[in-house]
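Chain identifiers are assigned alphabetically (A, B, ...) following the order of the sequence lines, protein sequences preceding nucleic acid strands; residue numbering begins at 1 within each chain.
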Amino acid sequence: MKQKANKPKRDEQKSMIVQGPVCPRPIEQREVIVMGHGSGGKMTRDLIARYFLPAFENPPLMQEDDSAVVQLSEAGRLAISTDGHIVDPIFFPGGDIGRLAVCGTVNDLAMVGAQPQWLTASFILEEGLPISTVERVAQSMRAAAEEAGVMIVAGDTKVAERGKADKIFISTTGIGHIPKGRDVSGTNARPGDVVILSGSLGDHGVAVLAERGGLALETTIKSDLAPLNKLVEAMFAAGSAIHVMRDPTRGGLATSLNEISQQSGVAIALDESSIPVRPAVKAACELLGFDPLYMANEGKLVAIVSPEEADKILAAMRATEVGAKACSIGEVMEAPAGRVLLRTAIGATRAIYMLAGEMLPRIC
Amino acid sequence: MKYIDEYRDAELVQRVLAEIHRTVSRPWVLMEICGGQTHEIVEHGLDQLLPPEIELVHGPGCPVCVTPLELIDKALAIASLPEVIFASYGDMLRVPGSGRDLQATRAMGGDVRVVYSPLDAIQLAQKNPDREIVFFAIGFETTAPPNAMSVMQAKSLGLSNYSVLVSQFKVPPAMEAILASPYNRVQGFLGAGHVNAVMGYWEYAPIAKKHGVPIVVTGFEPLDLARGILMTVKQLEAGRKEVENAYPRIVTYKGNQEAQAMIKRVYETCDRKWRGIGMIPKSGWRLRDEYASFDAERRFAVEEIRAEESPLCIAGEILQGLKKPTDCSAFGVECTPQTPLGALMVSSEGTCSTYYQYRRSLKK
């Protein structure tokens with residue numbers, strides 16, 4: 001009975017055809033990412049045209065060819081760096097994955113003395129991601145790129161099935177020009193050099209940790225996420241004897257300095273009481289059993305410079321916003337080569353090693 | 001940081017250290033029971049500043065370290081069940097079972113979550129009524145009250161999908177076991193201040209009397225530790241064997257009686273096997289019969305497990321203060337925090353991990 005009732009009679013079918021096309025119009029304005037956005041067809045195009053092109057607008061990008069074509073202003077050395085970005089949560093106090101994707105690559109270029117100029121961005125979006133999130137991330141990347149003075153000249157968008165990616169992954173590649181006379185490398189630290197840190201440690205690590213569900217830390221700590229290329233330019237304007245620079249991201253200052261001491265075959269001695277850590281970061285670390293020396297930073301650099309120019313460079317750093325709290329934290333020595341030593345506040349000395357594995361909060 | 005910086009004041013610590021140097025006239029062996037104290041001592045380098053006559057040996061007070069292998073294997077089996085969300089303190093994730101750890105179990109598809117408190121696990125149970133939430137209730141007297149509280153809460157909330165895998169230890173029986181060993185070298189104890197904050201120190205008098213050792217309740221900052229060592233050495237030099245409190249700002253004689261009452265309501269004393277040491281009578285707690293339905297061991301019948309320790313690991317002798325990590329042939333070679341052969345290489349409170357982090361170079 002029921003089945004019969006559901007079947008339309010012949011003349012009803014006829015009348016439906018007469019009424020016009022039965023095929024529903026496709027939904028053009030979606031609120032979430034669907035697989036079609038990664039098809040490479042019209043939906044992909046529309047997504048890019050609506051959210052990415054206006055955000056990143058610049059001549060090489062607007063050419064919309066298969067590659068961005070850029071003009072070198074002068075011959076010389078280029079720096080190239082690439083970085084994949086996965087962060088949970090994608091929005092955290094002081095930043096988001098978009099800003100991170102721009103700053104991460106800009107900073108890697110700046111750490112070899114390069115002036116970052118062009119970035120590419122490759123997006124992997126999870127099916128079901130709100131389009132508003134894509135827009136917010138794109139706008140944040142625009143703001144960060146503007147702040148750093150770089151252009152996002154090429155990109156790619158793919159969509160992964162729900163559960164096969166986590167919201168949004170962004171890989172960025174950057175190209176920068178290294179002006180003549182700059183020679184920055186992990187192998188350049190020399191005994192007698194001064195170790196300079198651009199500000200307090202651990203802000204990013206603690207901010208992300210506190211935001212990541214389940215941790216009821218009442219902290220007002222924001223990530224230090226920031227482009228460092230302008231700081232680096234200010235440093236080079238003050239002195240050219242900048243031998244090594246690193247941005248101590250994952251693995252923290254301890255890991256960066258261990259890399260440098262091994263690359264250069266020197267010892268690095270730090271003074272614990274001179275290393276700045278915000279009280280709230282210190283408190284969170286005490287609580288969880290973490291060491292600020294190993295916490296991630298996203299807007300700090302450590303520089304190893306000649307003792308003659310250290311004061312000038314420090315003064316130039318302090319005149320910038322991101323380097324306002326810059327200070328000298330130690331020195332480079334000849335021996336024991338490949339080692340980082342810390343004079344503890346109570347006057348003992350201990351070795352500092354690279355981060356061993358994943359940092360896990362302790363039990364009590 | 002308030003209440004921490006004051007107790008790391010270099011000048012005050014130096015003053016107490018000077019008094020220790022003046023007081024000591026012959027060799028003494030002291031044991032700090034708590035792994036947290038071991039970590040602080042080595043991190044700040046306090047042991048390097050003590051007179052050579054004083055030897056600190058490191059005790060078994062690391063909850064992650066003494067949880068027996070069989071129980072970890074059981075945890076791995078339960079965590080692999082598809083209906084289970086296995087909630088654990090972070091540093092338990094890397095403790096090796098017989099060939100695997102919780103991290104590997106998670107990578108293989110087990111739903112393992114890091115929580116910071118058992119009450120987070122209760123929330124998980126409320127939010128996921130169709131899943132079984134199992135909390136790994138490990139630890140000493142310090143974690144016993146919150147772990148017990150979670151069981152009481154589950155009962156009062158009528159949660160039928162919450163259970164605890166109990167591995168709960170008591171410190172005083174372990175002190176007795178160490179003192180009763182024919183190989184014992186310990187002449188004085190630094191009591192674990194956090195444990196005493198919960199339990200008070202009324203349990204210590206019979207131990208001090210029976211075994212003729214001074215026991216001094218000690219805190220965790222350099223000044224606290226120096227003060228605890230000074231008071232112990234003063235007693236030893238004067239031939240006294242008393243119980244004293246060097247941590248009065250936190251610890252009272254009777255302790256936190258509400259917390260003690262909570263432990264008593266949910267738990268009853270039982271014999272417990274300590275990883276690396278063996279069975280110690282009446283050294284732990286298990287759930288009382290009226291809470292039996294919250295006991296994960298009874299709820300999940302996992303098949304008989306044959307546990308296998310690494311033959312290289314000398315954790316047992318280290319836990320009893322008979323050997324140091326640097327005496328182990330595998331230390332820093334086969335056994336590192338990335339590839340731990342024993343639990344002592346895992347937690348920040350584990351002696352081997354502390355030595356690896358701060359003293360790797362002392363390897364003979």
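Between B:Glu43 and A:Thr344 the shortest heavy-atom distance is O-CG2, 3.6 Å. Between A:Ala348 and B:Gly45, the closest heavy-atom pair is CB-O, 3.2 Å.
Within a 6.0 Å radius of CZ in A:Arg278, other residues, nucleotides and ligands contribute 12 heavy atoms or fewer. The 12-atom threshold is exceeded at CD of B:Gln48, counting heavy atoms of other residues, nucleotides or ligands nearer than 6.0 Å. The environment of B:Arg100 atom CZ is dense: over 12 non-hydrogen atoms of other residues, nucleotides or ligands sit within 6.0 angstrom.
When B:Leu49, B:Thr336, B:Asp9 are compared by the number of non-hydrogen pairs under 4.5 Å with chain A, B:Leu49 comes out ahead.
Between atom CE of residue A:Met354 and atom CD of residue B:Gln357 there is a gap of 14.0 Å, rounded to the nearest 0.5 Å. Atom-to-atom distance recorded for B:Tyr358:OH and A:Ile352:CD1 is 9.0 Å, nearest 0.5 angstrom. Between the NE2 atom in B:His39 and the CG atom in A:Asp291 there is a gap of 7.0 Å [rounded to 0.5 Å]. Taken from CG in B:Leu17 to CD1 in A:Ile346, the straight-line distance is 6.5 Å, to the nearest 0.5 Å. The NE2 atom of B:His44 sits 6.5 Å away from the CD atom of A:Glu272 when rounded to the nearest 0.5 Å.
Residue contact with chain A, scored on non-hydrogen atoms closer than 4.5 Å, is absent for B:Leu223. Neither the backbone nor the side chain of B:Glu11 comes within less than 4.5 Å of any heavy atom of chain A.
No side-chain heavy atom of A:Glu286 sits under 4.5 Å from any side-chain heavy atom of B:Phe220.
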